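Quick notes on the structure that follows.
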Amino acid sequence: MKIGSRNFLMLQEVIENEAHITGKDLENKFHLSRKQVSYGIKKINEYMKECGYPEIIRLSNGRFNVPERVINELDLIKIEQENQEIWFSKEERMDIICLMLLASQEELSLWHFVTILKVSKNTVLTDLKKLEDVLRKRELTIAYERKTGYVINGTEYEKRQLLLTILSDVMIQYGHYFVVKEICHMQTEGLKKIQEMLIGIEEQLNVKFAGEMIEINSYLFYIIFSRIKNGMVLNEIPDNFKHIIGTAEYAVIKTFAERNEIKNTYEIMYLTAHIQSMKLDAFLWGKVGLEKSSIKKAVEDTIENYEKLACVNIQDKEELKNMLIQHCEPALYRIRYNFHVGLDITEYILPAYQELHNVVSKAVSPLENLVEKKIPEKELVYISLIIGTHITKEGYEKEENIHPKAVVVCQNGITVSRFLWSSLKDVFPEIQFTKCMSVNEFKQYKESFDIVFSTTTLKTDKRLFVINPLMDDKKRKKIREQVLKSFENDGFFLSQQNEIMQIVKRHMSASSYKKLCSEIDAHVLKEEQKEIWDDKKEYHLLELLDKNTIRVVDESMGWKVAIEFAAMPLLYDNIINRQYVEKIIYNIMEHRPYLEVADGVIIAHAGIEDGVNDVGMSMLVLPEKISILGYLNANVIVVLATPDYESHLLALNELIDILEDEEKLSHIKHATVENDILKLL
């Protein structure tokens, strides 16, 4: 139910000024008559009743009695969104048309689409034509008959898969929850019952789902139950669903389904698959017993593959392993069943992690073997994000106590919360980010903090900034300005010039001192942020391999001497220390790591903490293969050095692309002078 934008403003005014505002004040502020105010309060109370809140009482003295529960729990931001005029993009219009065709309980005509979308008939007809082209790929078609109106024809299973994709876009990507509720004529009580069912399933399975998963699946199950009730049931499903029977989840879902008069085995299997694929809450990360041996092994092998391909040794692998296991169990179910629900963060992740992502795409073969499918890009970027945020977090220095402390709260699960946490650290280098967590974890969090960045409204006495996890540059700039302005008089950002400014303070007025601090701080922070982005330089292969770092020799030598000789250009340029070369040789002798990246080519490297000063690469080409402790044979030795986990990845990927070309690889191995190799680069 909508209350209208004017009534929302009245509601907001009454809640924020409950102690003293009167009906007369509302009349004067909003230029309304007494009758209009009374009607508005009536509409507001109808909304309260539908949502399960107590009513706002108008007292005899003209003031209002607002129940404590309304003040503490009512989500004003969500109500404002529900009651503002929205103009949909072309993509949004097509999704909403599709949702109407799948979920509406009435016969649909052009008038229905025009009314919801607020566009002309010609625009709707154009959108319908484009939608037909999209649906054809799913073997679905749009038909119109005078008696039935517009409908989608095709198998029920394909319609369900389409419904899932559309709901994910409209609700999670665009945030139009209230549009779904309006189109599908959803009753609050009905949604509440399904939410209670999902919470009951959580308890039975001893898991905790991410907040957004409870909400979107409540809507999804509401529509599915309506379709089943109207005779639109599954009469077949793909074979990969059929192993579900016999699982613990199936037994639990069967009980709940039968309570809703659903006995069709295909339907119970389909609902079970959705439960298996629901993302888990960050609050229970590391606490729930979901660690299946097959997933654990695949994750461990994926991490090992990444280390080999990226030529790095990841610190604190146990934490990374636990995070990937936590993410991958529901993710692998989503991949298996083609249930790709959630934010599409591809365009936000790849600009920052493209080279890392390229390595990850090659490293995840154990996970792909486990699910017997290639991991889709939309899911793969989440794995890249987990690895990327883990290996870069060590680069952040601990902030001084003078800086404000912030926590990040996200209802979308642990992976998106870490993405948001990482993004905010880039936007606010002057803020100390201490924790990212779910809503449930925040409710029990006892540590001190000054700011909360959250994707949803929260009850807190700290500064709260509600943000969208997907922020473009414009939104990042806006939130930065908003946050810095709120702290401009608090003295938090003076750490770099604090001692000097304490001296200056004694010789200035208070107002002049504050202004000077603000201007100096703005300058310092601008330079700090510039340095952070400058530090993220990535190197092309030609920037690292040149005539000084490539050596082609015509005599053979022992493997230790060969590695020392290959590393010599990097030692000359002070890119590495002698300790780094010794560590390479020690690792080969003690651990025998797998170093071969192509036939006869090895990449020798140590860790980022083993004596590296900068990014570097050198290459030695020998006349014939030499034996390395009897487990490797090589005639091309590449020495790689990197002070972090990412700066070298672009050059490394470019090198691997060349080595995967057999003709180019042959030219390198048979080169007689350095220029023979440089021509290939």
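Bear in mind the structure is a predicted one, so any value in this text is a computation, not a measurement.
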Practice problem: With side chain to side chain contact (heavy atoms under 4.5 Å, CB included) as the test, would you mind laying out the steps for Cys436 and Val407 before giving the verdict? | Solution: CA-CA 6 Å; Cys436 62; Val407 296; over 6 Å; no
Quiz item: Checking His670 side chain against Ser666 main chain: does a donor-acceptor pair fall under 3.5 Å?
Solution: yes
Quiz item: For the atom pair CD1 (Ile602) and CG (Asn635), what is the distance rounded to the nearest 0.5 Å?
Solution: 10.5 Å
Quiz item: Charged N to carboxylate O below 4.0 Å: is that the case for Lys317 and Glu300?
Solution: no
Quiz prompt | side chain to side chain donor-acceptor pair (under 3.5 Å) assessment of Asp169 paired with Thr165 | solution = CA-CA 6 Å; Asp169 287 347; Thr165 301; over 6 Å; no
Self-check item: Non-hydrogen side-chain atoms of Met619 and Leu655 separated by less than 4.5 Å
Solution: yes
Quiz item: Run the salt bridge (Lys or Arg N to Asp or Glu O under 4.0 Å) check on Glu379 and Arg334 step by step: do they pass?
Solution: CA-CA 9 Å; Glu379 291 283 355; Arg334 290 196 298 273; 2.9 Å; yes
Self-check item: Residue pair Ile637 / Ile603, side-chain heavy-atom distance below 4.5 Å
Solution: no
Quiz item: Any idea how Tyr337 and Phe339 line up, ring-wise: parallel (<30°), tilted (30 to 60°), or perpendicular (>60°)?
Solution: tilted
Quiz prompt | Value rounded to 0.5 Å, distance of CG in Leu571 from CE in Met568 | solution = 6.0 Å
Quiz item: Roughly how far, to the nearest 0.5 Å, is CD1 of Ile668 from CG of Leu659?
Solution: 5.5 Å
Quiz prompt | Pairwise distance OG(Ser627) to CG(Asn633) - rounded to 0.5 angstrom | solution = 5.0 Å
Exercise. State, with a plain yes or no, whether a side-chain heavy atom of Phe465 is found less than 4.5 Å away from one of Val452.
Key: no
Practice problem: Could you name each residue pair satisfying salt bridge (charged side-chain N to carboxylate O under 4.0 Å, His left out) that touches residues 590-607, not counting sequence neighbours? | Solution: Asp599-Lys625, Asp599-Lys669
Quiz item: Can you tell me if Asp573 uses its side chain to pair, donor with acceptor, with the backbone of Ile575 under 3.5 Å?
Solution: no
Quiz item: Which heavy atom in Leu640 sits nearest to a heavy atom in Ala310, and how many Å separate them?
Solution: CD2-O, 4.4 Å
Quiz prompt | Side chain to side chain, Ser454 and Ile467, heavy atoms closer than 4.5 Å | solution = no
Quiz prompt | Rounded distance [0.5 Å steps], CG in Asp450 versus CD in Gln432 | solution = 9.0 Å
Quiz prompt | Shortest non-hydrogen separation from Arg480 to Val427 and the atoms involved | solution = NH1-O, 2.7 Å
Self-check item: Full working for side chain to side chain contact (heavy atoms under 4.5 Å, CB included) between Leu620 and Val636
Solution: CA-CA 6 Å; Leu620 173 66; Val636 178; over 6 Å; no
Quiz item: So, for Leu622 and Ala562, which heavy atoms are closest and what is the spacing to 0.1 Å?
Solution: CD1-CB, 4.3 Å
Practice problem: Could you walk me through whether Ile656 and Lys362 pass the side chain to side chain contact (heavy atoms under 4.5 Å, CB included) test, one step at a time? | Solution: CA-CA 11 Å; Ile656 289 173; Lys362 297 173 183 176; 3.8 Å; yes
Exercise. Decide, yes or no, whether a salt bridge links Glu304 with Lys321 under the criterion of side-chain N to carboxylate O below 4.0 Å.
Key: no
Quiz item: Taking 4.0 angstrom as the limit, do Lys405 and Glu447 come out as a salt bridge?
Solution: no
Quiz item: Hey, what do you get for CD1 (Ile576) to OG1 (Thr642), rounding to the nearest 0.5 Å?
Solution: 12.5 Å
Practice problem: Would you please say whether a donor-acceptor pair under 3.5 Å links the side chains of Glu662 and His667? | Solution: no
Quiz item: Which of these passes side-chain hydrogen bond (donor to acceptor under 3.5 Å, both in side chains) with Asn653: His648, His357, Glu355?
Solution: Glu355
List, one per line, each side-chain donor-acceptor pair under 3.5 Å for residues 550-561, sequence neighbours excluded.
none

Practice problem: Before giving the answer on side chain to side chain contact (heavy atoms under 4.5 Å, CB included), spell out for Lys373 and Asn240 the whole-Å C-alpha distance, their side-chain angles and the decisive distance to 0.1 Å. | Solution: CA-CA 11 Å; Lys373 278 190 175 184; Asn240 61 354; 4.3 Å; yes
Quiz item: Counting N and O atoms only, with roles assigned by atom type, does the side chain of Asp610 sit under 3.5 Å from a partner on the main chain of Lys583, one being a donor and the other an acceptor?
Solution: no
Self-check item: Side-chain donor/acceptor of Asn577 to backbone N/O of Tyr580, under 3.5 Å
Solution: no
Practice problem: Take Thr302 and Asn305 through the side chain to side chain donor-acceptor pair (under 3.5 Å) test and state the conclusion after the steps. | Solution: CA-CA 5 Å; Thr302 295; Asn305 283 352; 5.6 Å; no
Exercise. Would you indicate whether the side-chain heavy atoms of Val638 and Ser618 approach each other to under 4.5 Å?
Key: no
Self-check item: Ser365 side chain to Asn369 side chain, donor-acceptor N/O pair below 3.5 angstrom
Solution: no
Exercise. Hey, can you tell me if His591 and Tyr586 have their rings parallel, tilted or perpendicular (30° and 60° cut-offs)?
Key: perpendicular
Self-check item: Exercise: do Asn358 and Gln354 side chains pair donor with acceptor under 3.5 Å
Solution: yes
Quiz item: Which atom pair, heavy atoms only, marks the closest approach of Cys328 to Val299?
Solution: SG-CG2, 4.4 Å
Practice problem: Report yes or no: does Tyr306 contribute a side-chain atom to a donor-acceptor pair with the main-chain N or O of Val364 at less than 3.5 Å? | Solution: no
Exercise. Give a yes or no on whether the backbone of Cys311 and the side-chain of His605 come within a donor-acceptor separation of less than 3.5 Å.
Key: yes
Practice problem: Compare every heavy atom of Ile451 with every heavy atom of Pro404, then report the nearest pair and how far apart it is. | Solution: CB-CD1, 4.1 Å
Quiz item: Of the non-hydrogen atoms in Leu544 and Ala651, which two are nearest, and what is the gap between them?
Solution: CD1-CB, 3.7 Å
Practice problem: Please examine the side chains of Leu595 and Ile628, heavy atoms only from C-beta on, and report whether any two atoms are closer than 4.5 Å. | Solution: no
Practice problem: Could you tell me whether the side chain of Asp657 and the main chain of Glu654 form a donor-acceptor pair under 3.5 Å? | Solution: no
Quiz item: Are any of the side-chain heavy atoms of Ile563 and Ile588 separated by less than 4.5 Å?
Solution: yes
Quiz item: Is there side-chain contact between Thr455 and Val409, with heavy atoms separated by less than 4.5 Å?
Solution: no
